[in-house]
S.K.: 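Take a look at this one; I'll ask things after.
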Amino acid sequence: MNDNSLAHAPVFVVGAGIMGAGIAQVAAQAGHAVRLFDLRPGAAEAAKGQLADTLAGLVAKGKLNADAAQQTLARITPADAMAQADGCGLVVEAIVEQLQAKRALFAELESIVGPGCVLATNTSSISVTAIAAGLQHPGRVVGMHFFNPVPLMKLVEVVSGLQTDPAVAAAIFGLSQAWGKVPVHAKSTPGFIVNRIARPYYAEALALLQEQAATPAVLDACLRGAGFRMGPCELMDLIGHDTNFAVTKSVYEANFQDKRYVPSGVQAEMVAGGLLGRKSSQGFYRYLGGKPEGGALPVAVTEAPATAREVSVHGTGPIADFLEQAATAALAAQGWGPARHHDSGWTGLQIDGARLMLSDGRTATELAAATGCRDIAVFDRPVALTADKPPSPGTALAYAAAAGCSEAFATQAAAWLAALGFAPLPLADAPGLVVARTVAMLVNEAADAVQQGVCSEADADAAMTLGVNYPAGPFDFLRRWSAREVTALLDTLDAHYRGERYRVSPLLRRRAC
Ligand code: NAD
């Protein structure tokens with residue numbers, strides 16, 4: 001088998017649900033003859049009918065040529081028996097997510113298809129090794145994990161089980177490219193790449209909600225401010241808490257109850273109560289007529305910072321450089337600018353005797369105790385900021401004041417962040433605030449996946465940007481930050497919470513040296 005050997009193969013798609021119908025469409029659009037089978041009588045015909053409507057809509061809007069639409073449809077034949085898999089070069093199954101059902105299906109197919117036929121599974125959570133176990137030719141079983149909606153999402157995780165023939169994985173990789181997708185190789189481990197690395201995006205928000213650090217609306221605004229298309233709470237509402245909770249539980253169980261992946265009591269309670277998100281009209285938000293309610297943010301800060309005697313900018317790197325520029329602009333009206341100190345060991349602003357410090361993982365209260373400075377506030381990491389890209393004005397950014405901080409400085413901290421161009425959002429004094437801890441944990445999970453041979457760094461980045469639309473891949477985030485600082489932040493969280501969740505990946509710790 002070579003990378004091109006499936007180029008013209010007839011394809012048998014089993015399961016004509018959301019995913020199977022999409023896979024059949026993509027294969028047909030790429031020129032394959034497709035036979036679509038479903039256990040439910042009439043389901044394959046119905047899926048073809050639905051596709052005809054979709055394609056007609058695209059033709060009407062001028063987005064698709066009428067001939068191309070006609071040819072795509074003509075290539076799809078609803079099948080009424082599994083025996084029609086005979087003569088196909090590839091089977092892609094998208095049936096119910098149950099190990100026994102998938103095993104039984106492939107065992108039956110082995111008696112129908114020829115020896116060269118590849119058996120691909122679209123499973124999102126079951127071990128490819130387990131699906132292949134007991135078959136006569138387990139080497140031809142491979143994961144071909146598409147994302148929903150299949151015609152639009154570019155990513156395909158090509159998942160190899162212990163017995164998958166590397167030539168089969170390479171052929172599916174090449175075929176995915178020919179279908180216009182961006183494939184990545186993954187080892188069959190719990191959650192593969194995307195569903196594993198994404199766990200902390202939800203888990204950190206749920207942990208912050210559990211300790212009453214902020215409202216869902218504040219958490220969502222902070223992560224949208226960091227460039228994520230949707231905040232974690234609105235995203236869990238969209239996915240459905242039952243589905244999201246089931247994936248978290250399956251990754252947790254498959255890792256032998258590693259506390260790193262422990263599900264959240266906050267979400268368990270929502271699932272138990274039927275608060276499943278958009279589908280039940282109530283999750284973190286209430287959905288009336290499809291529009292979310294309950295997302296009010298604290299009143300925006302409008303006042304300018306009080307006049308100070310002395311302002312200095314501390315630290316090195318793009319964030320400190322940006323602070324210097326923005327503070328210079330903020331003070332220009334008063335006819336003076338801030339001093340700059342490069343080697344003070346922290347990043348932020350000193351305003352007379354008070355400090356507004358970039359979070360290094362320690363709470364403002366811990367920093368106040370360590371420095372002996374009472375008036376301290378910490379602000380979240382503006383991760384979207386790079387040397388040539390300042391944050392867009394009004395970017396949401398969390399901040400927290402130390403327990404003993406004066407009311408006056410807590411107000412000044414918000415006024416200064418607003419003057420620097422951010423929309424400051426108050427948070428309880430939680431370590432690592434919102435974005436810093438979430439992004440650090442995404443980086444940590446990705447580092448572990450690479451360390452364990454699940455995927456390469458480049459594939460982790462491609463998977464997270466194409467599979468879940470992250471604004472940057474975890475290793476892109478790491479390049480903008482530093483392994484030493486991420487490790488230090490995670491160690492601080494680890495010391496604060498004392499558990500396995502913030503255990504630093506060996507790969508990250510090695511890089512930090
Ligand atoms: P679905 O319920 O929409 O469709 C499944 C279809 O398979 C149904 O039409 C059902 O009648 C049919 N079916 C069940 N058992 C069968 C059998 N033994 N033989 C033939 N047909 C059978 O489900 P879906 O969302 O399309 O998911 C299908 C697979 O894709 C699952 O393994 C799922 O984990 C995976 N997946 C789903 C998504 C998603 O977002 N929905 C994303 C990636 C992967």
Side-chain angles (χ1 to χ4, degrees), residues 96-99 122-127 130 143 145 147-148 155 157 159 186 188-211 213 216 219-220 223 228 230-280 282-285 432 434 437-449 452 454-455 460 463-464 467-470 474 490 493-494 497 499-503 505:
V96 62
E97 185 74 345
Q98 283 171 11
L99 174 60
N122 184 47
T123 180
S124 42
S125 64
I126 301 172
S127 154
H145 185 207
F147 289 74
N148 188 12
L155 184 70
E157 291 180 336
V159 186
S188 180
T189 47
F192 309 140
I193 306 175
V194 170
N195 279 337
R196 173 193 181 147
I197 297 177
R199 290 335 311 143
Y201 193 64
Y202 315 110
E204 289 311 303
L206 291 164
L208 286 164
L209 288 172
Q210 183 143 24
E211 60 181 85
L219 298 175
D220 283 345
L223 282 147
F228 290 85
M230 291 182 86
C233 300
E234 54 191 344
L235 184 53
M236 284 184 270
D237 270 7
L238 178 70
I239 294 168
H241 287 277
D242 47 348
T243 305
N244 188 261
F245 188 56
V247 177
T248 303
K249 274 201 303 187
S250 107
V251 171
Y252 172 62
E253 292 299 337
N255 281 291
F256 307 103
Q257 306 189 345
D258 184 343
K259 291 277 187 281
R260 167 95 149 244
Y261 305 103
V262 75
S264 164
V266 171
Q267 196 171 40
E269 194 70 359
M270 291 178 76
V271 173
L275 284 73
L276 304 181
R278 278 180 185 264
K279 64 170 112 170
S280 69
Q282 176 75 60
F284 287 121
Y285 303 98
V434 183
R437 72 196 270 169
T438 302
V439 171
M441 285 293 278
L442 293 173
V443 168
N444 197 40
E445 198 54 50
D448 248 3
Q452 292 163 14
V454 175
C455 59
M464 302 317 287
V468 270
N469 295 320
Y470 283 3
L490 291 169
L493 288 165
D494 188 45
Y497 291 107
E500 292 295 315
R501 188 187 290 284
Y502 300 102
R503 192 177 68 222
S505 161

S.K.: For the pair Asp258 and Arg501, evaluate salt bridge (Lys or Arg N to Asp or Glu O under 4.0 Å) and give the outcome as yes or no after the intermediate values.
M.R.: CA-CA 9 Å; Asp258 184 343; Arg501 188 187 290 284; over 6 Å; no

S.K.: State, yes or no, whether a side-chain contact exists between Met230 and Leu238 at a heavy-atom distance under 4.5 Å.
M.R.: yes

S.K.: Can you confirm whether Tyr202 sits close enough to Ile239 that some side-chain heavy atom of one is under 4.5 Å from a side-chain heavy atom of the other?
M.R.: yes

S.K.: For a 4.5 angstrom cut-off between non-hydrogen side-chain atoms, does Phe284 reach Asp220?
M.R.: no

S.K.: Can you find a pair of side-chain heavy atoms, one from Arg260 and one from Tyr252, that are under 4.5 Å apart?
M.R.: no

S.K.: Go through it in stages, so that I can follow the logic: the residues are Lys279 and Asp242, the test is salt bridge (Lys or Arg N to Asp or Glu O under 4.0 Å), and I'd like the CA-CA distance, side-chain angles, deciding distance and then a yes or no.
M.R.: CA-CA 10 Å; Lys279 64 170 112 170; Asp242 47 348; 2.9 Å; yes

S.K.: Within the structure provided, determine whether Arg196 and Pro190 are in side-chain contact (heavy-atom separation under 4.5 Å).
M.R.: no

S.K.: If only side-chain N and O atoms count, and only distance matters, is there a donor-acceptor pair under 3.5 Å linking Tyr497 with Glu211?
M.R.: yes

S.K.: Could you grab the distance from atom OG of Ser264 to atom CZ of Phe245, nearest 0.5 Å is fine?
M.R.: 8.0 Å

S.K.: Would a distance-only check, ignoring hydrogens and angles, find a side-chain to backbone donor-acceptor pair under 3.5 Å from Asp237 to Tyr285?
M.R.: yes

S.K.: So, Glu500 and Tyr261: side-chain donor and acceptor under 3.5 Å apart, yes or no?
M.R.: no

S.K.: What are the two closest non-hydrogen atoms of Asn195 and Ser124, and how far apart are they?
M.R.: ND2-O, 3.7 Å

S.K.: I need the Ile126 CD1 to Ser250 OG distance, nearest 0.5 Å.
M.R.: 9.0 Å

S.K.: Using a distance-only test with no angle check, is there a side-chain donor-acceptor pair under 3.5 angstrom linking Glu97 and Ser125?
M.R.: yes

S.K.: Restricting to salt bridge (Lys or Arg N to Asp or Glu O under 4.0 Å), what partner residues turn up for Arg278, sequence neighbours left out?
M.R.: none

S.K.: Which pair of heavy atoms, one from Pro200 and one from Thr438, lies closest together, and at what distance?
M.R.: O-CG2, 4.3 Å

S.K.: Please report the closest heavy-atom contact between Ile197 and Pro474, naming both atoms and the distance.
M.R.: CG2-CG, 4.4 Å

S.K.: So does Arg503 get a backbone contact from the side chain of Asn444, meaning a donor-acceptor N/O pair under 3.5 Å?
M.R.: yes

S.K.: What distance do Leu219 atom CG and Cys233 atom SG have between them, rounded to the nearest 0.5 Å?
M.R.: 5.0 Å

S.K.: Between Glu157 (side chain only) and Val194 (backbone N and O only), is there a donor and an acceptor less than 3.5 Å apart?
M.R.: yes

S.K.: When you look at Arg199 and Glu445, which way does the salt bridge (Lys or Arg N to Asp or Glu O under 4.0 Å) test go after all the steps?
M.R.: CA-CA 8 Å; Arg199 290 335 311 143; Glu445 198 54 50; over 6 Å; no

S.K.: Could you go through the side chain to side chain contact (heavy atoms under 4.5 Å, CB included) check for Met441 and Leu490 one step at a time?
M.R.: CA-CA 8 Å; Met441 285 293 278; Leu490 291 169; 3.6 Å; yes

S.K.: Yes or no on side chain to side chain contact (heavy atoms under 4.5 Å, CB included) for Val468 and Phe147, after CA distance, side-chain angles and deciding distance?
M.R.: CA-CA 9 Å; Val468 270; Phe147 289 74; 5.8 Å; no

S.K.: Give the minimum heavy-atom separation between Pro263 and Lys249, together with the two atoms involved.
M.R.: CG-CG, 3.8 Å

S.K.: Would you indicate whether the side-chain heavy atoms of Leu223 and Pro232 approach each other to under 4.5 Å?
M.R.: yes

S.K.: Enumerate the residue pairs fulfilling side chain to side chain donor-acceptor pair (under 3.5 Å) with a member in residues 266-276, sequence neighbours excluded, ordered by first and then second residue.
M.R.: His241-Gln267, Asn244-Gln267

S.K.: Taking the side chain as every heavy atom from C-beta outward, state whether Leu493 and Arg437 have any pair of such atoms under 4.5 Å apart.
M.R.: yes

S.K.: Please tell me if the side chains of Tyr201 and Leu235 come closer than 4.5 Å, counting only heavy atoms from C-beta onward.
M.R.: yes

